[in-house]
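This report refers to the structure that appears directly beneath it.
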Amino acid sequence: MTVTLRQASGHDLDALYRLEQVAFSGDRFSRRQLWYLLNRAHALTLVVQRGEPDGRPLALLGYGTLLFRRGSRRARLYSFCVHPGSRGGGLGRRLLETLEAEARAREAEVLGLEVRADNDVAMGLYRRMGFRPECWLGDYYEDGCGGWQMAKPLVALEEAAPRCEG
């Protein structure tokens, strides 16, 4: 099996929607939201794609979306997803490293994200990758679960006080 990372296109919309349905029990993106991220947002979406040697159709194993705000040096990891059947094999780390490199290439100095407080696997990955909690987000998700806003400096920065961004 060959695994590649590439920029998502509008042709990936249905596969991204299916991946959202399989990977998340709530707070999923709708087709309309995914379409906007792919076609209109100041964003970059990368997909992890599997190629089958027997000629079966390619499958998406994961994706990540970075949002960029004009005039800001802070990028936001807006969505990050690895198919449940593909977790634990290093795909998430590889995808996150590639997204970080893309944020640096666009001159982002900080990469921020939000993560569910009860998502121990994601929290562990983010901590191992150098993200640190900045701010508690009470009742942040649709089911009332709290979350953490986390950030990672992408360049050597002067020590700054943690801050919450809404």
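- When each of Glu107, Glu134, Glu109 is checked for a salt bridge (Lys or Arg N to Asp or Glu O under 4.0 Å) with Arg74, only Glu134 meets the rule.
- Rounded to the nearest 0.5 Å, atoms CH2 (Trp35) and CG (Leu13) are 9.5 Å apart.
- Residue His42 qualifies as enclosed at atom NE2: its count of foreign heavy atoms under 6.0 Å is above 12.
- Looking only at side-chain heavy atoms (C-beta outward), Leu16 and Leu38 come within less than 4.5 Å of each other.
- A donor-acceptor contact shorter than 3.5 Å is absent between the side chain of Glu20 and the backbone of Arg28.
- A donor-acceptor pair is defined here as one N or O able to donate and one able to accept, closer than 3.5 Å; no such pair exists between the side chain of Arg94 and the backbone of Gly90.
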| task | Could you walk me through whether Asp14 and Arg31 pass the side chain to side chain contact (heavy atoms under 4.5 Å, CB included) test, one step at a time? | result | CA-CA 8 Å; Asp14 289 337; Arg31 276 189 202 290; 2.9 Å; yes
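- In this structure, the side chains of Leu67 and Leu77 stay at 4.5 Å or more apart for every pair of heavy atoms.
- Closest of all the heavy-atom pairs between Gly62 and Leu95 is C-CD2, 4.4 Å.
- Side-chain contact between Cys81 and Phe24 is present, with heavy atoms from C-beta onward closer than 4.5 Å.
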| query | Does the pair Leu19 and Val82 meet the rule for a side chain to side chain contact (heavy atoms under 4.5 Å, CB included), with working shown? | reply | CA-CA 8 Å; Leu19 185 56; Val82 175; over 6 Å; no
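- Of the inter-residue distances, the one linking Leu66 atom CG with Phe80 atom CZ reads 10.0 Å to the nearest 0.5 angstrom.
- Using a 4.5 Å cut-off on side-chain heavy atoms (C-beta onward), Tyr36 and Leu34 make no contact.
- Between Tyr17 and Gln33, the side chains place no donor N or O within less than 3.5 Å of an acceptor N or O (distance only, hydrogens not considered).
- Between Leu46 and Leu99 there is a side-chain heavy-atom pair separated by less than 4.5 Å.
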| message | side chain to side chain contact (heavy atoms under 4.5 Å, CB included) for Thr4 and Arg50? Distances and angles first, verdict last. | response | CA-CA 7 Å; Thr4 58; Arg50 176 183 69 209; over 6 Å; no
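- Using a 4.5 Å heavy-atom threshold, the side chains of Asp118 and Met123 count as separate.
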| request: Start with the C-alpha gap between Glu100 and Leu111, add the side-chain angles, then the distance that decides, and say whether side chain to side chain contact (heavy atoms under 4.5 Å, CB included) holds. | output: CA-CA 7 Å; Glu100 284 182 25; Leu111 180 56; 3.7 Å; yes
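- A salt bridge is absent between Glu97 and Arg104: the closest approach of a Lys/Arg side-chain nitrogen to an acidic carboxylate oxygen does not fall below 4.0 angstrom.
- Residues Leu137 and Glu114 come closest through the heavy atom pair CD1-CG, 3.6 Å.
- Taking the charged nitrogens against the carboxylate oxygens, Arg127 and Asp120 have no contact shorter than 4.0 Å, which rules out a salt bridge.
- Side chains of Ser79 and Thr65: a donor-acceptor N/O pair is absent below 3.5 angstrom, by distance only.
- Among all heavy-atom pairs drawn from Phe68 and Ala75, the shortest one is CE2-CB, 3.8 Å.
- Side chain of Lys152 to backbone of Met129: a donor-acceptor contact under 3.5 angstrom is found.
- Among all heavy-atom pairs drawn from Met150 and Phe131, the shortest one is CE-O, 3.7 Å.
- When ring centroids are compared, Tyr78 and Phe29 come within the 6.0 Å threshold.
- Side-chain contact between Gln149 and Trp136 is absent, with no heavy-atom pair separated by less than 4.5 Å.
- Nearest heavy-atom pair, Leu91 versus Leu61, reported as atom, atom and distance to 0.1 Å: CD1-CD1, 3.7 Å.
- Of all non-hydrogen atoms in Gln7 and Asp12, the two that sit nearest each other are O-OD2, 4.5 Å.
- For the pair Arg76/Leu113, no side-chain contact is recorded, criterion being any heavy-atom separation below 4.5 Å from C-beta on.
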